[in-house]
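Inspection log for the structure reproduced underneath, given as structure tokens.
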Amino acid sequence: MGKGLVMTYVLWAAGGLLGLHHLYLGRDSHALLWLLTFGGFGVGWAREFYRIPAYVEAANREEDGGARRGRNHRAMPPPMSPFRLAGQVCVGVYFGVVALIGLRSLSCFWLLVLPLSVCAGVHLVSCAGPLTSDLHSTLFAGLLASPVFYGNALAPLPISLAASITASQHRHYKPTAPPGAPPDKLGARLYRLGLCWLAFSAPLGYCAFYNTTATLSYISDCVAALLDWLWFFPWLGRLLESCLLLPYRVLCLVTGGRTPEQGWEGLLDWLIREYSERERHALKVLSVSSSATPEEITHSYRELVKQWHPDHNPGRSQEAAQMFLQIQEAYETLQSRRRAHRAA
């Protein structure tokens, strides 16, 4: 059954930032790209208003068995698009920033994890639509550029530039499906997209939950910088602040709670104080002060583990097991704080 132009526009308007219209048209790579970047940071989604008729026409030709037939045998590569190249660079840097936030504590991060993350974003843009590129060449270029700005927050930029240029040089059309091959079922396609989304969001979720204080402080600093930048438009700053507080105010209205009197700063300060209780409890469990060095925390942890190990307390094994778990959780909490401060 052919794809409808009206339905595509409806999906574009209702869920285009999440790639619903691309999923409807069978463009799963493009749907994943939009899902992870919120419609190409909104710019790509708005630009598609004039490109949707061509997308629908191509999808219907492919269903009829005539799409891209014979393209794989062309001697010349497809024309290079400056928009695609710019998108590759931007998404590569975006994936690199996500890796810096969630994966920075891993070993070999700067020489292996970061270039792999950046190249994944570049290759995802390369696979949008009927085109693709050589993944091995893209990865090789990204790994070669990884020593540039080693250990610096600007490291994703040269990696993304090198990988994007290499991917553009090795661009080609995707191979056509064999005649009569059945299309993939919707369930299998959604399953693959879900796995990719989980792989992308899991590091961010880990960073947000285990480094909550640092995450909230970072958000607070970013919002403060944004509002300060809008000082010459006071009404725009107040509008932005109202939008940021709207979900919390609705929650307070439903639950009967009180809204913060000091705006978004009061809300974030309250959240930071609440999550700091967890760190204070961890310091109390390990019997160390807030100014304790990492060596002192580790020493206290090891002594308490020896003292409360269930094997060393056969007469009160249940109490020892519970205390042993509290010691482990407290040590992990303080280690997470240490990693967050070190990354900052």
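Just so you know, these numbers use all the heavy atoms, side chains as well, and skip hydrogens, waters and symmetry mates.
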Q.
Checking I165 now: which residues fulfil side chain to side chain contact (heavy atoms under 4.5 Å, CB included) with it, not counting sequence neighbours?
A. Q169

Q) Taking it one step at a time, do V89 and L161 satisfy side-chain contact (heavy atoms from CB on, under 4.5 Å)? A) CA-CA 6 Å; V89 175; L161 285 172; 3.9 Å; yes

Q) What are the two closest non-hydrogen atoms of G92 and S160, and how far apart are they? A) CA-OG, 3.5 Å

Q: Verify the ring-centre separation between W45 and F38: is it less than 6.0 angstrom?
A: no

Q. Who else is in L154's hydrophobic cluster (ILVMFWY, side-chain heavy atoms under 4.5 Å, direct or via others)?
A. V148, F149

Q: Looking only at non-hydrogen atoms, find the nearest pair between V97 and P156 and report the distance.
A: N-CG, 4.5 Å

Q: Among Ile, Leu, Val, Met, Phe, Trp and Tyr joined by side-chain contacts under 4.5 Å, find the other residues sharing a cluster with L195 and list them by chain and number.
A: Y191

Q: Using the test side chain to side chain contact (heavy atoms under 4.5 Å, CB included), find all partners of L190 that sit at least two apart in sequence or belong to another chain.
A: L23, L186

**Q.** Contacts of type side chain to side chain contact (heavy atoms under 4.5 Å, CB included), residue L143, not counting sequence neighbours
**A.** L112, P115

Q. Would you call R47 and F83 a side-chain contact if the rule is heavy atoms closer than 4.5 Å?
A. yes

Q.
Once salt bridge (Lys or Arg N to Asp or Glu O under 4.0 Å) is applied, do any residues pair with R192, and if so which ones, sequence neighbours excluded?
A. D184

Q. Just by distance, do the side chain of T166 and the backbone of A141 share a donor-acceptor pair under 3.5 Å?
A. no

Q) For E296, what residues pass the salt bridge (Lys or Arg N to Asp or Glu O under 4.0 Å) criterion, not counting sequence neighbours? A) none

Q | Pairs where residues 14-30 contributes a residue and the test side chain to side chain donor-acceptor pair (under 3.5 Å) is met, not counting sequence neighbours | A | H21-E48, H22-R27, H22-E48, R27-H30, D28-R189

Q. Does the K3 side chain pair with the main chain of T8, one donor and one acceptor, at a distance under 3.5 Å?
A. no

(Q) The criterion is side chain to side chain contact (heavy atoms under 4.5 Å, CB included); which residues satisfy it with L5, sequence neighbours excluded? (A) Y9, I52, P53, V56

Q) Would you say N313's side chain and A320's backbone share a donor-acceptor pair under 3.5 angstrom? A) no

(Q) So, taking the atom named CH2 in W197 and the one named CG in L35, what distance separates them when rounded to the nearest 0.5 Å? (A) 8.0 Å

Q | Which residues share a ring-ring contact (aromatic ring centres under 6.0 Å, His included) with H309, sequence neighbours left out | A | H312, F324

Q.
Applying salt bridge (Lys or Arg N to Asp or Glu O under 4.0 Å) as the test, list every pair that has at least one member in residues 126-139; sequence neighbours left out.
A. none

Q | Of all pairs that satisfy side chain to side chain donor-acceptor pair (under 3.5 Å), the ones with a partner from residues 82-103, not counting sequence neighbours | A | Q88-S126, Q88-S168

